[in-house]
Amino acid sequence: MMSSPSSLTPARSKADPPIPFTDLSIQWRQIEGIALPDIHRLFQSGAFSLGPFVARFEQAAADYLGITHAIGVNSGTSALHLALIAAGIGPGDKVLVPSHTFVATAWGVLYVGATPVLCDIEEESANIDLADAEERLDATVKAIIPVHLYGQPADMAGVMAFAARHRLVVIEDAAQAIGARFDGRCVGTFGLCGCYSFYPAKNLGAAGEAGLIVTADEVIAQHLRALRHHAQSERYVHTELGFNYRMEGMQGLILGHKLPLLDSWTSSRRKLAQAYHERLAGLPLALPQIVHDDHVFHLYVVRSKERDRLRATLWSKRESKPVCITPCRCMPSRRWPAS
């Protein structure tokens, strides 16, 4: 695959076709036969917003994740926003977030008028460093958002003990990690709420935008269901500021057919990651490691001291996608700079 252990330039034949970064049609072909009749039913019924397909997916997702309540929304970003509202986080509060993450983690905090407090990350896992977080505590810090980045669980035993010690709400950002487990339990189910993204390129992807919030708290679940639907306690009765964050019927339909295949797809990702490990061994690269029990490899992210040259080579061959070419100004990290 590579010309030599010291080279970052792949040896390949001129006849080799470029490898696309992702091909979303593969998953569609696996569900097309069973999904098309339901799509016809959806159009016949007109249940385009929420409706029975969303309800069925919510129940199936709750069962799969091992939690009581699952609330479908229109994106992972919306999931974080509503979870923070339901947790009572607002102006004057601070929330601990990892500095190395997609910016939506911070958006949710900013949307509710709170302040994200950027914490550095563990060298090995790229997830939040609790020792660094401890140094950033003050009386106004009310919550922590661990991010299960790239599909690798954060140290949830440590996070939950840290949160209990300092009386913090835990909101999990599991946007990239559905199906990953920590100590045998699905990530996203440890905190008050867990938030998932079903952006089409995720391990479990919708046919457009979609997200999910899970919780074991009945009162929180009822609040979230109202908030996503213009905060209606009953039809046309709005008890607070609400949002149009409903999941579409089409997304519930597609996700409902994909969910039973998720574990099989995850197994394939792990096998591909192992193949990368074996073939990249010996190169001057820092390869991803399984640090906290599991990894579902939403992305296989490597680090290199020759990042720019490696990135240019892979990008020219369309065999990879650079992560964080330009770091978001609010998301620096000493340990994982732009990679």
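Everything numeric in this text was worked out from a predicted model, so none of it was measured.
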Under 3.5 Å: donor-acceptor pair, side chain of [X], backbone of [Y]:
| X | Y | result |
| --- | --- | --- |
| Arg181 | Gly179 | yes |
| Glu172 | Gly188 | yes |
| Gln251 | Glu248 | no |
| Asn203 | Thr266 | no |

Next on the checklist: Lys94: which residues meet the salt bridge (charged side-chain N to carboxylate O under 4.0 Å, His left out) condition with it, sequence neighbours left out?
Outcome noted: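 Listed in chain order: Asp138.
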
Next on the checklist: Going by the rule salt bridge (charged side-chain N to carboxylate O under 4.0 Å, His left out), which residues pair with Asp38 if we only count those two or more places apart in sequence or in a different chain?
Outcome noted: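 Partners of Asp38 by the salt bridge (charged side-chain N to carboxylate O under 4.0 Å, His left out) criterion, ordered by chain and then number, come out as Arg41.
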
To the nearest 0.5 Å, what is the distance between [atom1] ([X]) and [atom2] ([Y])?
| X | Y | atom1 | atom2 | value |
| --- | --- | --- | --- | --- |
| Leu149 | Thr101 | CG | OG1 | 5.5 Å |
| Leu224 | Ile213 | CG | CD1 | 4.5 Å |
| His223 | Glu240 | NE2 | CD | 3.5 Å |
| His69 | Gln222 | NE2 | CD | 7.5 Å |
| Glu58 | Ile71 | CD | CD1 | 7.0 Å |
| Gln274 | Phe297 | CD | CZ | 8.5 Å |

Answer whether the closest heavy-atom distance between the side chains of [X] and [Y] falls below 4.5 Å.
| X | Y | result |
| --- | --- | --- |
| Asp120 | Ser99 | yes |
| Lys142 | Val169 | no |
| Asp129 | Cys119 | no |
| Ile171 | Cys195 | yes |
| Asn74 | Glu209 | no |
| Leu84 | Val109 | yes |

Checklist entry - If we ignore angles and hydrogens, is there a donor and acceptor under 3.5 Å between the side chains of Gln27 and Trp265? => result no

Distance-minimising heavy-atom pair for [X] and [Y]:
| X | Y | result |
| --- | --- | --- |
| Ala207 | Ile254 | CB-CG1, 4.0 Å |
| Thr140 | Gly92 | CB-O, 3.7 Å |
| Ala175 | Lys202 | O-CE, 3.1 Å |
| Ala180 | Gly151 | CB-O, 3.8 Å |
| Gly256 | Pro260 | O-CD, 3.2 Å |
| Ala104 | Leu80 | O-CD1, 3.7 Å |

Do [X] and [Y] share a hydrophobic cluster (ILVMFWY, side-chain heavy atoms under 4.5 Å, transitive)?
| X | Y | answer |
| --- | --- | --- |
| Tyr245 | Met250 | no |
| Leu36 | Phe43 | yes |
| Leu24 | Ile26 | no |
| Val73 | Leu241 | yes |

Next on the checklist: Among Thr215, Leu82, Asp217, exactly one meets side chain to side chain contact (heavy atoms under 4.5 Å, CB included) together with Cys193. Which residue is that?
Outcome noted: Thr215

Next on the checklist: Please determine whether side-chain hydrogen bond (donor to acceptor under 3.5 Å, both in side chains) holds for the pair Tyr300 and His295, giving the CA-CA distance in whole Å, both sets of side-chain angles, and the decisive distance to 0.1 Å.
Outcome noted: CA-CA 10 Å; Tyr300 186 94; His295 202 318; over 6 Å; no

With ILVMFWY side chains joined below 4.5 Å, transitively, what does [X]'s cluster contain besides itself?
| X | result |
| --- | --- |
| Val187 | Leu96, Val117, Ile128, Leu130, Leu137, Val141, Ile144, Met156, Val159, Met160, Phe162, Leu168, Val170, Phe182, Phe190 |
| Tyr199 | none |
| Leu255 | Leu50, Val54, Phe57, Tyr64, Leu65, Ile67, Ile178, Tyr196, Phe198, Leu204, Leu212, Val214, Met247, Leu259, Leu262 |

For residues 281-293, tabulate all N or O donor-acceptor pairs below 3.5 Å that involve a side-chain atom, not counting sequence neighbours.
from: Gln289; atom 1: NE2; to: Leu287; atom 2: O; distance (Å): 3.2
from: His292; atom 1: NE2; to: Glu122; atom 2: OE1; distance (Å): 2.9
from: Asp293; atom 1: OD2; to: Asp183; atom 2: N; distance (Å): 2.6

Checklist entry - Can you list the steps and then say if His81 with Thr77 is a side-chain contact (heavy atoms from CB on, under 4.5 Å)? => result CA-CA 6 Å; His81 184 193; Thr77 306; 5.9 Å; no

Checklist entry - Does a sphere of radius 6.0 Å around CZ in Phe48 hold more than 12 heavy atoms from other residues, nucleotides or ligands, not counting ones at 6.0 Å or beyond? => result yes

Next on the checklist: What verdict does the side-chain contact (heavy atoms from CB on, under 4.5 Å) test give for Val296 and Arg269, after you've listed the backbone C-alpha separation in whole Å, the side-chain angles of each residue and the deciding distance to 0.1 Å?
Outcome noted: CA-CA 7 Å; Val296 295; Arg269 284 177 176 270; 5.7 Å; no

Checklist entry - Can you list the steps and then say if Arg185 with Asp294 is a salt bridge (charged side-chain N to carboxylate O under 4.0 Å, His left out)? => result CA-CA 10 Å; Arg185 182 172 166 184; Asp294 196 7; over 6 Å; no

Next on the checklist: Regarding Glu134 and Arg165, does a basic nitrogen lie under 4.0 Å from an acidic carboxylate oxygen?
Outcome noted: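 Looking at Glu134 and Arg165, the cut-off is met.
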
Next on the checklist: In this structure, is the centre-to-centre distance between the rings of His257 and Phe53 below 6.0 Å?
Outcome noted: no

